[in-house]
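Each chain gets a letter, A, B and so on, in the order its sequence line appears, and its residues count up from 1.
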Number of protein chains: 2
Amino acid sequence: MGRRSKHSREEMQEMAIKAAREIVAEEGVRELSTRKIAAKIGYTVGTLYHFFKNLDDIIMYVNSQTLDMLYEYLKHRINKNKQTALISLANGYLDFSKKHFSEWQLLFEYPMPKDMQYPRWYEEKITKLFKLVEQSLSTQIKLPKIDLSRKSRVLWSGIHGVCLLYHTGKLHKTKSETAETLVEDLLKYYLAGLKMI
Amino acid sequence: MGRRSKHSREEMQEMAIKAAREIVAEEGVRELSTRKIAAKIGYTVGTLYHFFKNLDDIIMYVNSQTLDMLYEYLKHRINKNKQTALISLANGYLDFSKKHFSEWQLLFEYPMPKDMQYPRWYEEKITKLFKLVEQSLSTQIKLPKIDLSRKSRVLWSGIHGVCLLYHTGKLHKTKSETAETLVEDLLKYYLAGLKMI
DNA sequence: ACCTGAACACCGTTCAAGT
DNA sequence: ACCTGAACACCGTTCAAGT
């Protein structure tokens, strides 16, 4: 048989990642497989291993795109209102996690091998996202630059935690509380504490 | 062939759950399979399906035991010190997630089907755990009973979020910050905010 | 009421053989 | 430098056949 050369290396990679994301979005995290990806782009399974190390590698690329999508989604929520900058961003995060639940789940609930190490450009996408948080935090409160990084991380971890436990229902039995209420509460008191000291 | 009747129904279930937990603890979440569980207890795969609905069902029972272990682990960290009750509990949670990382991961990072609904007794174990948080929170701050539940949930979601992002490295590139530092920061300012208002 | 062995429909990953 | 087809070593789940 041999090569078909209908698509360049880059095109092939893009096609595979796109197919993977579609499978996840339409059928859920647990339905993703190399064989489905291959079938969807009209190639044999073996071909994928010419462009990716393994399934985890493909997932990493999907996740990297999800980080891009999240960034684009949150970027437009940025505002300079001293009262609402952070709550607007946090609600954006909640909206995104609902709208793109399966992709969000692949990013945060899929158990990667513990020795997995992400490339530089991947880490940089995370840094870029945190810049949004730092920016919103600093419009609401004036903080020393040294503190800004830690406070953003703490705040965002908290928001993420609420979001995660809301979606999975894993740490609360009462469904009466919405994720929005909990996030609002977190922001309110944490920020009040910061302002005080 | 037929029955062996060497073990009662309850013994069989207990053996399978124990085997599953050991596989997870020793080899990691991704290595768990029904076939390995069956082999470990000296039975055929098919037998498992006589005692459990499916693998997810077995995992639910493992997770329920993990909740028990977590409760026992945290129970001894409870103290009545008005300054350190919560930080002691939070550090206990961090310790547990490190000591029993894989079980913790199975509980929080394994993507269960979204229609999965947990039995009553499972939800009650979560409630029981939250009682510890509520108890510690109320020794540090006097709060209306109505608020206690929500504040505990927010606080624990935050601690869990920090813990998760620490272990997976998924939302911070700087490894310089320890989970302990971040949790301490969260507690400090959130509680300060609560005390103020 | 169990338990087995085999079957079914899948997996991820590798690789000799082809162009 | 690709791409295939087949192989290998696994999966989860079901079920007829046995006691």
Hey, is the side chain of Arg9(A) poking within less than 4.0 Å of OP1 or OP2 on dA1(D), counting only N and O atoms? no

Closer than 3.5 angstrom, by distance alone: can the side chain of Thr44(A) be matched with the main-chain N or O of Thr47(A) as a donor-acceptor pair? no

Working for side chain to side chain contact (heavy atoms under 4.5 Å, CB included), residues Met69(B) and Phe96(B): CA-CA 9 Å; Met69(B) 288 163 60; Phe96(B) 183 87; 4.0 Å; yes

What I'd like to find out is whether the side chain of Arg30(B) reaches to under 4.5 Å of the side chain of Asp56(A), using heavy atoms alone. yes

Rounded distance (Å) that lies between atom C1' of dC11(D) and atom CG of Leu48(B): 14 Å

Nearest-Å distance for atom pair CD/C1', residues Glu11(B) and dC2(C): 14 Å

Greater than 12 external heavy atoms within 6.0 Å of Glu72(B)'s CD: yes

Less than 4.5 Å apart, side chain to side chain, heavy atoms only: is that true for Met112(B) and Asn63(B)? yes

Gap between atoms NZ and P, on Lys6(A) and dA1(D) respectively (whole Å): 22 Å

Stem list for DNA chain D, please, built from Watson-Crick and G-U wobble pairs under 3.5 Å and keeping only runs of at least 3. C:4-8 with D:12-16, C:12-16 with D:4-8

For the aromatic rings, using the six-membered ring if either is Trp, is the centroid distance between Tyr93(B) and Tyr73(B) under 6.0 Å? no

Checking contacts here: which listed nucleotide (dC3(C), dC2(D), dT4(D)) is nearest the side-chain heavy atoms of Phe51(A)? dC2(D)

Taking only N/O atoms, report every protein-nucleotides 12-16 of chain C pair under 3.5 Å with atom names and distance.
{"residue": "dG12(C)", "atom": "OP1", "partner": "Thr34(A)", "partner atom": "N", "Å": "3.0"}
{"residue": "dG12(C)", "atom": "OP2", "partner": "Thr34(A)", "partner atom": "N", "Å": "3.0"}
{"residue": "dG12(C)", "atom": "OP2", "partner": "Thr34(A)", "partner atom": "OG1", "Å": "2.5"}
{"residue": "dG12(C)", "atom": "OP2", "partner": "Arg35(A)", "partner atom": "N", "Å": "3.4"}
{"residue": "dG12(C)", "atom": "N7", "partner": "Arg35(A)", "partner atom": "NH1", "Å": "2.4"}
{"residue": "dG12(C)", "atom": "O6", "partner": "Arg35(A)", "partner atom": "NH1", "Å": "2.9"}
{"residue": "dT13(C)", "atom": "OP2", "partner": "Tyr49(A)", "partner atom": "OH", "Å": "2.7"}
{"residue": "dT13(C)", "atom": "OP2", "partner": "Leu55(A)", "partner atom": "N", "Å": "2.9"}
{"residue": "dT13(C)", "atom": "O5'", "partner": "Tyr49(A)", "partner atom": "OH", "Å": "3.3"}

Can you tell me how far P in dC10(D) sits from the matching atom in dA9(C), rounded to whole Å? 22 Å

Taking the side chain as C-beta and beyond, is there a heavy-atom pair between Glu123(B) and Gln117(B) under 4.5 Å? no

Side chain to side chain contact (heavy atoms under 4.5 Å, CB included) between Leu32(B) and Ile59(B): does it pass, once the steps are laid out? CA-CA 9 Å; Leu32(B) 182 62; Ile59(B) 289 175; 3.8 Å; yes

Interatomic distance where CZ belongs to Phe52(B) and P belongs to dC3(C) [whole Å]: 13 Å

Those residues at least two apart in sequence (or on a different chain) that pass side chain to side chain donor-acceptor pair (under 3.5 Å) with Asn81(A) are none

In this structure, how many angstroms lie between the C1' atom of dA1(C) and the OH atom of Tyr43(B), rounded? 13 Å

Calculate the interatomic distance between His50(A) atom NE2 and dC2(D) atom C1'; express it in whole Å. 5 Å

